[in-house]
Student: 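Structure incoming, see below.
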Amino acid sequence: MDIKEFKKIEKKWQKRWKDMELYKTPEKPKKKCFLLEMYAYPSGDIHLGHFRNYILGDVVWRYKAMNGFQILHPFGWDAFGLPAEQAAITNKESPLKWTMDNIAKSKETLERLGISYDWKREVATCDPEYYKWTQWLFKKLYEHGLCYREKTFVNWCPDCKTVLANEQVIQGRCWRCDTAVTKKETEQWFIRITNYAERLLLGLDKLEEWPENLKTIQRNWIGRSEGSEIVFKLEKGNIDLPVFTTRSDTIYGVTFIVIAPEHKILREILPQMKKREEVEKYINTSLMKTEIERTDVTREKDGIFTGLYAINPFSDERVEIWTADYVLSTYGTGIVMGVPGHDQRDFEFAQKYHIPIKVVINPPGGELRVEEMEQAYTEPGVMVNSGPFSGVDSTSGIEKTIEYMEEKGLGKRKVTYKIRDWLISRQRYWGAPIPMIHCDKCGIVPVPEHELPVLLPEESKVDFVPKGRSPLADVGEFYNTECPKCKGKAHRDVDTIDTFLDSSWYYLRYLSPHDNDEIFKKEEAEKWLPVDLYIGGIEHAAGHLIYYRFITKFLYDIGLVPSDEPTIKMFNHGMVLDEHGDVMSKSKGNVISPRELIDKDGVDIARVALLFFAPPAREILWQNKGFKGARRFLTRIYTLVKKYLKDYSGMDANALQKKEYEFYRSIEETIRDVTVDIERMDFNTAIASLMELLNRMYTFDKKDIPIFQYAIRKFNLLLAPFAPHLLEELYSWYGKSESIFYETWPSYDENAIKKEEVTIVIQINGKVRSRIVVPANREVDEVKRIALEEEKIKKYTAGKKIKNFIYVKDKLLNIVL
RNA sequence: GCCGGAGUGGCGGAAUAGGUAGACGCGACGGACUCAAAAUCCGUUGGGUGUUUCACCUGUGGGGGUUCGAUUCCCUUCUCCGGCACCA
């Protein structure tokens, strides 16, 4: 079959489907399915990775449709973000136009790919009708005390000239431009996601249909750690120096404490220091360092003694106060107690600076001697030199010291998380403006709801070249405003919202994308939520998918959504790599565009090839050759149907001859296998089963009898989700006028699958020596008797004593000699 | 360093409540069709040995174990990929 024929069919059906509104979301779903794939960032055109993701969803749509589901299958655009602005800076293009052109192009490609989206529900986050509600959501978070402004040291990308959330720093580098991230002290907006840390963690246990590795990434990211906060006191002056520790059993071994260089307390106590200038110098050098330099594990730790002392609340001992940049200001209390005897980092630090080392835990049955120690002893043991706790087992010592400190008011039990509050303001133009107003008199005042959206100023008035402050700061008509409270002079917040807030709730806007009065209709939420299946890449595990869960929990708490988890089943597809296993990228010049593929082979062939290459969860190494198999397969079915399709008015399975009945059985088995495989998203093996059946159809010699027509018809239904255009065409050849996707998915004949004859493997000592064909369901004795009469078996058993028989019914007999 | 995932023919990959390893496809080889080639159709195809329409040996990264029987379970080790990485 000519490729042109495929393309003609493709065009024909894409048009018909559009005309008949095949993908339209039903108003009143009886059996609902909310099917979601991650929306796309419109940078140029859809790429092969997207294509793979979207055909996975498309197969599910078609399968579910044939199983009687009413489906919501929407699509949209993650349309705000830096690349658009970058295009504006480098090519003097309008960010809006750049974005809209890319959306148009990508959308056209998606339509040509025949993906089953209900385009009536399309959303784009840069649309004021959309970002109005992003701003509304920001305000809601603010109203519920989950949004606050704070001046602190934050991640700063010197290239993008904006701050970054923790999730956007990948191994010390900016997620977008790969520049080493530095620290900068500024005032920023944060969202208190840490309030939800515990629930985000516990919720994972209930997500049974989420991949285990994805949940592990989230667990690690949340990083729950149980311990206690112990309050050391500054020796002079009534200042608290709380430390967080998981090892309160080592409290008597503290010989110093370390404060993070950017810690506020350090600045407070600075005036008391004799060596103030040196300490200030150290602090400044630390702050100059990049994230990579500071977190380099191989680097030797350094620090400086402040000259001040603190008091250990357990022992009343005086300990040195140091500052060192290996201590992170954003974790725990930003102050760490140094126990060199029992923590390797503290040990190295103490050795370098000649700080005393104390043994307070002895190994079971042993005794440590400081002079002989070459490293810290970090294992459990017996507490010694620990006042009232001496002799206590160190594991239970943790609990006992906590009880003690709570009783005496020296500290308290504490759970700490690695996850940080979400830094959400960005010093860039192309995003949703933060809907807040700063008034000298009234402070921070939210923009009233009826004034939303706060529109981005026109592009012609904006200078996009980054200056380290938001471009909006220099647009007078945007900046200057009136305070909603006192009506006095005020100014707008000039930052824009992190695009991860846009994407945290986009799935909800699909529920009622054109509603101007509400973020989404509650009754629509009741109808469709939660998402039944969400398909996207694993790279979003510790970013988008955490925010997505978090915002859902928040909206659940304020009564807007019926479930506190957004998605029942999550599926991560693998990446599409080039033939050498490298990521496809423009700079490498190894990009293959979906358009290129479908121009050459047509959509159905490209779909089958991509689906057949590997299981969807695994990565694909691109192979041009692989397409040949898909092309052959689809051509073969086309040719066969064209040649042999006839009228068909049913067939009687019971009247079939033996060979025909076996053919019938193989059809029924294929129905079962394909169904099971699709349910498990094992699309590659589903297609393999269909290939097997097709091979059998080719070699089946009576192509003029009803059973063959039966095979054709079942085959068409089973293949339809994978190659929809072609199968729709073949279906129309039966004289059907409706779409094949209104057909019912075939069920199979249970009785036919039960075999009346089985092949039993005969093993001698676990090695296959022969096979016998017997009627199904035979007992061991009968099989034994037949097996022992086999010539091949006799050869082995002659003169030997048989020790044992292992029989697995209908499968195997193992004779143990 | 810690936590995940994976190692199966020339290649992509099947098969794990332990039970015929290599489904299906690519490639290769042989045959049919053809003046010829392509396409198509029909076969063969893990490696090895032999007396080569058949028989045996060997084989799922390496080593060991449990078992009548291990790609599957356990221990150990190597390699690759991914996540986190001074988190106190």
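Predicted, not measured: the structure shown is a model, and the values here were computed from it. All values below come from the heavy atoms of this structure, side chains included, with hydrogens, waters and symmetry mates left out.
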Student: From C-beta outward on A:V768, which listed nucleotide comes closest to its side chain: B:rA21, B:rG69, B:rC84?
Tutor: B:rA21
Student: Name the closest nucleotide to the A:T246 side chain, picking from B:rC86, B:rG19, B:rA88.
Tutor: B:rA88
Student: Expressed in whole Å, how much space separates the P atoms belonging to B:rG59 and B:rG65?
Tutor: 14 Å
Student: Please state how far atom CG in A:N765 lies from atom P in B:rG19, giving the value in whole angstrom units.
Tutor: 19 Å
Student: Tell me whether A:K352 at atom NZ has more than 12 heavy atoms from other residues, nucleotides or ligands lying less than 6.0 Å away.
Tutor: yes
Student: Hey, does the side chain of A:S315 reach the backbone of A:Y252 with a donor-acceptor pair shorter than 3.5 angstrom?
Tutor: no
Student: Classify the angle between the aromatic ring planes of A:F633 and A:F715 as parallel (below 30°), tilted (30 to 60°) or perpendicular (above 60°).
Tutor: perpendicular
Student: Select base, sugar-phosphate, or nothing to describe what A:I217 touches, counting heavy atoms under 4.0 Å on all strands.
Tutor: sugar-phosphate
Student: With sugar-phosphate meaning primed atoms plus P, OP1 and OP2, does A:V339 contact a base, only sugar-phosphate, or nothing at under 4.0 Å between heavy atoms?
Tutor: nothing
Student: Taking the C1' atom in each of B:rA23 and B:rU60, what is the distance between them to the nearest angstrom?
Tutor: 15 Å
Student: Side chain of A:T333, backbone of A:I335: donor and acceptor closer than 3.5 Å?
Tutor: yes
Student: Checking base pairs now: Watson-Crick or wobble, both atom distances under 3.5 Å. What partners B:rA28?
Tutor: B:rU44
Student: A:D325 pairs by side chain to side chain donor-acceptor pair (under 3.5 Å) with which of A:K289, A:K301, A:K183?
Tutor: A:K289
Student: Which whole-number value in Å describes the distance from A:L214 CG to B:rC84 P?
Tutor: 13 Å
Student: Can you tabulate the close N/O pairs, meaning under 3.5 Å, that link protein atoms to atoms of nucleotides 3-13 of chain B?
Tutor:
unit_1	atom_1	unit_2	atom_2	d
B:rG12	O2'	A:F613	O	2.8

Student: How would you label the glycosidic angle of B:rU34: syn (within 90° of 0) or anti?
Tutor: anti
Student: For B:rG9, is chi within 90° of 0 (syn) or not (anti)?
Tutor: syn
Student: What is the distance from OH of A:Y331 to C1' of B:rA88, rounded to the nearest Å?
Tutor: 7 Å
Student: When rounded to the nearest Å, what value does the distance between C1' atoms of B:rC26 and B:rU76 take?
Tutor: 37 Å
Student: Say whether A:E167 and A:Y547, considering side chains only, have a donor N or O and an acceptor N or O under 3.5 Å apart.
Tutor: yes
Student: Could I get a table of every N or O pair under 3.5 Å where one atom is in the protein and the other is in nucleotides 37-43 of chain B?
Tutor:
unit_1	atom_1	unit_2	atom_2	d
B:rC41	OP1	A:R636	NH1	2.7

Student: Just checking A:V816: base, sugar-phosphate only, or nothing, at a heavy-atom cut-off of under 4.0 Å?
Tutor: sugar-phosphate
Student: Taking only the C1' atom of each, what is the distance from B:rC3 to B:rG9 in whole angstrom?
Tutor: 33 Å
Student: Can you name the nearest heavy-atom pair linking A:A606 to A:F627, along with the distance?
Tutor: CA-CE2, 3.5 Å
Student: Want to settle it: does A:M691 or A:I170 sit nearer the 5' end of RNA chain B, counting the closest nucleotide to each?
Tutor: A:M691
Student: Using whole Å, report how far CG of A:L719 lies from C1' of B:rC24.
Tutor: 14 Å
Student: For the pair A:D604 (side chain) and A:L726 (backbone), establish whether a donor and an acceptor sit closer than 3.5 Å, ignoring hydrogens and angles.
Tutor: yes
Student: Atom CD1 of A:I806 and atom P of B:rG18: how far apart are they, to the nearest Å?
Tutor: 15 Å
Student: I need the CG-C1' distance between A:L241 and B:rA88, as an integer number of Å.
Tutor: 16 Å
Student: Searching all strands shown, indicate the nucleotide that pairs with B:rG4 (Watson-Crick or G-U wobble; both distances under 3.5 Å).
Tutor: B:rC81
Student: Rounding to an integer number of angstrom, what distance separates B:rA37 and B:rC54 when you compare their C1' atoms?
Tutor: 39 Å
Student: Looking at B:rA55, which nucleotide sits across from it as a Watson-Crick or G-U wobble partner, both distances under 3.5 angstrom, or is there none?
Tutor: B:rU49
Student: Take atom P in B:rG7 and the same atom in B:rU71, then report the distance between them in whole Å.
Tutor: 14 Å
Student: Need to verify one output field. Residue with the more 5' nearest nucleotide on RNA chain B, A:K301 or A:A630?
Tutor: A:A630
Student: Which nucleotide, if any, forms a Watson-Crick or G-U wobble pair with B:rG19, using both distances under 3.5 Å?
Tutor: B:rC68
Student: Identify all pairs in which a protein N or O lies below 3.5 Å from an N or O of nucleotides 53-57 of chain B, and state each distance.
Tutor:
unit_1	atom_1	unit_2	atom_2	d
B:rC56	OP1	A:Y796	OH	2.6
B:rC57	OP1	A:R769	NH2	3.2
B:rC57	OP2	A:R769	NH1	3.0

Student: Would you call A:E317 and A:K358 a salt bridge, using N to O less than 4.0 angstrom?
Tutor: yes
Student: For B:rU53, does the O4'-C1'-N9-C4 or O4'-C1'-N1-C2 angle fall within 90° of 0, making it syn, or is it anti?
Tutor: syn
Student: Out of curiosity, A:S666 OG to A:M697 CE, how far, rounded to the nearest 0.5 Å?
Tutor: 9.5 Å
Student: Between C1' on B:rC68 and NZ on A:K784, what's the gap in Å once rounded to a whole number?
Tutor: 14 Å
Student: Say we look at B:rG18 and B:rG13: how far apart would their P atoms be, to the nearest angstrom?
Tutor: 26 Å
Student: Testing the 3.5 Å rule here: is there a donor-acceptor pair between the side chains of A:T401 and A:D249?
Tutor: no
Student: Is the backbone of A:T685 close enough, under 3.5 Å, to the side chain of A:D682 for a donor and an acceptor to pair up by distance?
Tutor: no
Student: Which atom names give the shortest non-hydrogen contact between A:M337 and A:I230, and what distance separates them?
Tutor: SD-CD1, 4.4 Å
Student: C1' atom, B:rU67 versus B:rU72: distance in rounded Å?
Tutor: 13 Å
Student: Are A:E229 and A:R413 close enough for a salt bridge, meaning some N to O gap below 4.0 Å?
Tutor: no
Student: To the nearest angstrom, how far is A:W221 atom CH2 from B:rG83 atom P?
Tutor: 12 Å
